[in-house]
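Okay, structure first, notes after.
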Amino acid sequence: MELHELKIHELNDLLKKKEVSAVDVTKAYLKRINEVEPKVDALICKTEDFALKKAEEADKMIKDGNINDLTGIPVIIKDNMCTENIRTTCASKMLEDFVPPYNATVVENLNSLGAVMVGKANLDEFAMGSSTENSAFKTTKNPWDLERVPGGSSGGSAASVAADECAFSLGSDTGGSIRQPASLCGVVGMKPTYGLVSRYGLVAFASSLDQIGPITKDVTDCAIVLNAIAGHDPKDSTSVDKMRKKDYKEFLKEDIKGMKIGYAKEFFRQGLDEGVKRSIEASLKIFEELGAEIREVSLKYIDYALAAYYIVSSAEASSNLARYDGIRYGYAAEKYEDLIDMYMVSRSEGFGKEVKRRIMLGTYALSSGYYDAYYNKALKVRTLIKQDYEKAFQNVDVIVGPTSPTVAFKIGERVEDPLAMYLADVYTVPVNIAGLPGLSMPCGLSDGLPVGLQIVGKHFDEGTILNAAYAFEKALSFTAKPSFKGGAR
Amino acid sequence: MNYEAVIGLEVHAELLTKTKIFCNCTTEFGGEPNTHVCPVCLGLPGTLPVLNKKVVEYAVKAGLALNCEISKFSKMDRKNYFYPDLPKAYQISQYDLPLCKNGYVEIETSDGVKKKIGLTRIHIEEDAGKLMHENVDGSLVDYNRTGVPLIEIVSEPDMRTPEEAYLYLTKLKSVLEYSEVSDCKMQEGSLRVDTNVSVRPVGSKEFGTKIELKNLNSFKAVQKALEYEIKRQIKLLENGETIVQETRRWNEQKGITEAMRSKEEAHDYRYFPDPDLVPIIVSDEWKEEIRKSLPEMPEHKKERFVAQYGIPEYDASVITASKPLADFFEKCVLEYSSAKTVSNWIMGEMMRLLKETGKEVEEVLIKPHQMASLLNLIDNGTITGSIAKTVFEEMFATGKNPEEIVDEKGLKQLSNEDELRKIALKVIEDNPKSVEDYKNGKDKAIGFLVGQIMKATKGKANPQLANKILLEELSK
Ligand SMILES: [Zn+2]
């Protein structure tokens, strides 16, 4: 097996035994990036020199006996997380030349463990989208079929893991932006409970929904990365500080006998692809065979989730993105008449279509006279959906279902139809609305493309999700790999 | 028809916390432009605010000192608008759930009437930066002030005259200084005042059209601007014209208010709860802890000064209006037993010199023990009262000990009988007219002759002794 095909825990074994060095590993991945990147376009930038320097530092840590789970492991970071002295663009013309003078807390965490960043991943501009087609720089291709999207907004992160350009990546998830691309690319992606992982240094899209999480090749790696990034950060007031630090690896057990697994009947209605449906139903059978108890639950208000999501997230985005005015940093208009004109030209030219659509939507929803009808009502829906889940979780330990209603769709297919695009997130959005943890993992293929199974847990109960996911992974043993078929190049 | 004015005030005061409201940058005034900044207060992408607990503490302190209810639960909201001095394009403020509400300030008008001015609310928020237009092509922005904590104190429209507004502001400033939450320096912008004013026929219950006044750089300016604006509005109404709701700017040079912007240009700030921050919870225990830390307020201090030191109520209210002045008084009294004498000196010489030099009490160089020494020099006859005033001026200017000044300048009182008698005889010889007046029963002439002795001794003669010797000589 090639080094780039290995999982974190497998690379870690080799590094521990000193069979390979971190520099060897990094070079192997950089080589892999050079091979597949022309086909996949997962990266906005490759950080070769930085990576080799970090790999040397990792080797020194290993030599000094300070190796931990992530020392010397190559990682790709979604390009909406700030990296000190390394350009952070959010895939926007607006921030094309923005170089942050600080690291996001998660980047800081990975650095201190000796992880090696080899590149920064493409995304939909400011994480708004479900296909990476909204990137100002490039469209990432799905390694399973280069004519299809990898999902989004963390499409670059998910595709880079699927294409073995790194051992793992970090994505951010506001309405499904980790889980949906993980599903479409056949990898494992987790959105932790809101407040578990620091948002400091994550360029905000919708602050009350955004959460950073791991994208990995298996469930064990997911637990390893979660260990590295979870925990209180005094720089983020919304990060929870009363939690005892857990070792998520302890939940990686095959035994799920007696676990109560719910499925929401609302998730199996129209709009769900037959192939996806079959895989999910087969997955429920596997859980049953593993000794879990399958129960039906009801999420009554789920139909309103998408509408509430687009109001709340756009409202917050309209305010979060107001700072990009061309005055201190970022794209600035060259010709303008006065201050107002400068704002208008800079923002009209610096932002892409979808970003502008959401800024307008959000501004409208917060305007006086409309606030109660939209924003306030959306907050009420949010409360109702939270209560839906609370009720459901009185009877079950986790809720499983499809991550996405379809497998990867064709590039260009939904670009002109924002509503069809928004429907890609119909199963993931409610989880963000309720602030719950959710994981997507491959559960089969439909037409040769991966199907994602979503497992949702109680607040801060990532452990139970990992337990269920690990048992399922062992039982299913999904071994298919992307073929890089199709594509013009 | 008789009209009355309806005045409400909005006061912004910077809090004296060491660091800014959402980051660890210093709040110090001055500093080279853009040196008191960090990624958080510059609102760089990905940064997050973390509320400084001291800001809540100070604001609650102000609220308690101003008789407010303290909210157990409040939150921060975003006020969205574009301006180059606002790096996030929203100001983090409080909208519908302010930290403090329903307080009051009690004022006493010149005719001795006491009146309570209601406070609608006090909320916390961040300050913006400063635009600089001088000596540059275009404008520059200094973000040092961005994120300095402010409290906004909104009064009820309870004031009816510009004088009441002036008294309200004076009292408010004194309470904020007393509670040590703000230094209230208008010239450094740590206290800023906006006012709303309308007029209506006396007896009417409805409010007239409200005009907002800006660019008020002193309490006197507030008073003058209101006086002008009230006259302007009454004149408009008398001429049958209508008043348009607008913001007007006080032009200090011309002594008039000028239109700035009308209501049509008013912003829709699209307030909504800031999702980056968590609710502010003030528990009863914390509130009581803060209450205990509150220093004595002006009214209590005034009452105590009257009771404890036996000074007149008027003296006590003048001295306690300024906390530093009251502190100076009390320290002097510790060193010198006659409180009334101390208060006379503070209210007389000290306040005169403060006014003349424009100095703040904190800048006065005289130490309380030096003040006591000076008064002792008068009591033990070393210097005369009039010389003491000269010595005081010198102390005020240099901070030197009074004994030193007396020695250096040879200001000791002349109490040598022989020497004084010689001078008295010379004065009698030189002023035959006054001597005759005296002998003809005009007692007042003696005062003139004593004055001549003082003049001859440059004020150093012991006045009682000079008087005694004169009488002796004249009765010979
Ligand atoms: Zn700062």
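Nothing here was measured: the structure is a model prediction, and the numbers come from that model. Below, read A as the first sequence line, B as the second, and so on, with proteins coming before strands; counting in each chain starts at 1. When reading the values below, keep in mind they use all heavy atoms of this one structure, side chains included, and skip hydrogens, waters and symmetry mates.
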Please say whether more than 12 non-hydrogen atoms of neighbouring residues, nucleotides or ligands are located less than 6.0 Å from CD in B:Glu258.
-> yes
Considering only heavy atoms and a distance below 4.5 Å, find which of B:Pro39, B:Pro84, B:Ala89, B:Ser139 pairs most often with chain A.
-> B:Pro84
Exercise: identify the closest heavy-atom pair between A:Glu316 and B:Arg78 = O-NH1, 4.2 Å
Do A:Leu339 and B:Phe82 have side-chain heavy atoms sitting under 4.5 Å apart?
-> no
The interface call for B:Tyr269 against chain A, heavy-atom contacts under 4.5 Å, is neither
Under 4.5 Å heavy-atom distance to chain B, tell me which part of A:Pro101 shows up: side chain, backbone, both or neither.
-> side chain
Using a cut-off of under 4.5 Å for heavy-atom pairs, which of B:Leu44, B:Val278, B:Leu277 has the most such pairs with chain A?
-> B:Leu44
Engaged part of B:Tyr90 at the chain A interface, taking heavy atoms whose separation is under 4.5 Å = side chain
Counting heavy-atom pairs under 4.5 Å to chain A, which of B:Leu48, B:Val40, B:Asp274 comes out on top?
-> B:Leu48
Could you tell me which portion of B:Asp276 (side chain, backbone, both or neither) has an atom closer than 4.5 angstrom to a non-hydrogen atom of chain A?
-> both
Side chains of A:Tyr375 and B:Pro273 in contact at under 4.5 Å (non-hydrogen atoms) | yes
At a heavy-atom separation under 4.5 Å, does A:Ile327 approach chain B through its side chain, its backbone, both, or neither?
-> side chain
Check whether A:Phe126 gets within reach of chain B through its side chain, its backbone, both or neither, counting any heavy atom under 4.5 Å.
-> neither
Around A:Tyr336, counting heavy atoms of other residues, nucleotides and ligands shown, do more than 12 lie under 6.0 Å from its OH?
-> no
Counting only heavy atoms not in B:Lys210, do more than 12 sit closer than 6.0 Å to its NZ atom?
-> no
Any side-chain heavy atom of A:Arg328 sitting closer than 4.5 Å to one from B:Pro87?
-> yes
Heavy-atom distance under 4.5 Å to chain B: side chain of A:Asn320, backbone, both or neither?
-> both
Taking atom CD of B:Glu288 as the centre, report whether more than 12 heavy atoms of other residues, nucleotides or ligands fall under 6.0 Å from it.
-> yes
Please check if any side-chain donor atom of B:Arg270 sits under 3.5 Å from a side-chain acceptor atom of A:Tyr371, or the reverse.
-> no
Can you find a heavy atom in the side chain of B:Pro45 that is under 4.5 Å from one in the side chain of A:Tyr329?
-> yes
Check whether more than 12 heavy atoms from other residues, nucleotides or ligands sit under 6.0 Å from atom NZ of A:Lys93, and answer yes or no.
-> yes
pair B:Thr47-A:Tyr102: side-chain heavy atoms closer than 4.5 Å = yes
Looking at A:Asn376, A:Thr363, A:Asp325, A:Leu95, which makes the most heavy-atom pairs under 4.5 Å with chain B?
-> A:Thr363
Working to the nearest 0.5 Å, report the span between CG of A:Leu366 and CG of B:Asn80.
-> 7.0 Å
Could you tell me whether A:Phe460 atom CZ has more than 12 heavy atoms of other residues or ligands within 6.0 Å of it?
-> yes
Interface check, chain B: of A:Ser207, A:Ala206, A:Ser319, A:Ala204, most non-hydrogen pairs under 4.5 Å belong to A:Ser319
Whatever's closer than 4.5 Å to a heavy atom in chain B on A:Tyr370 counts as neither
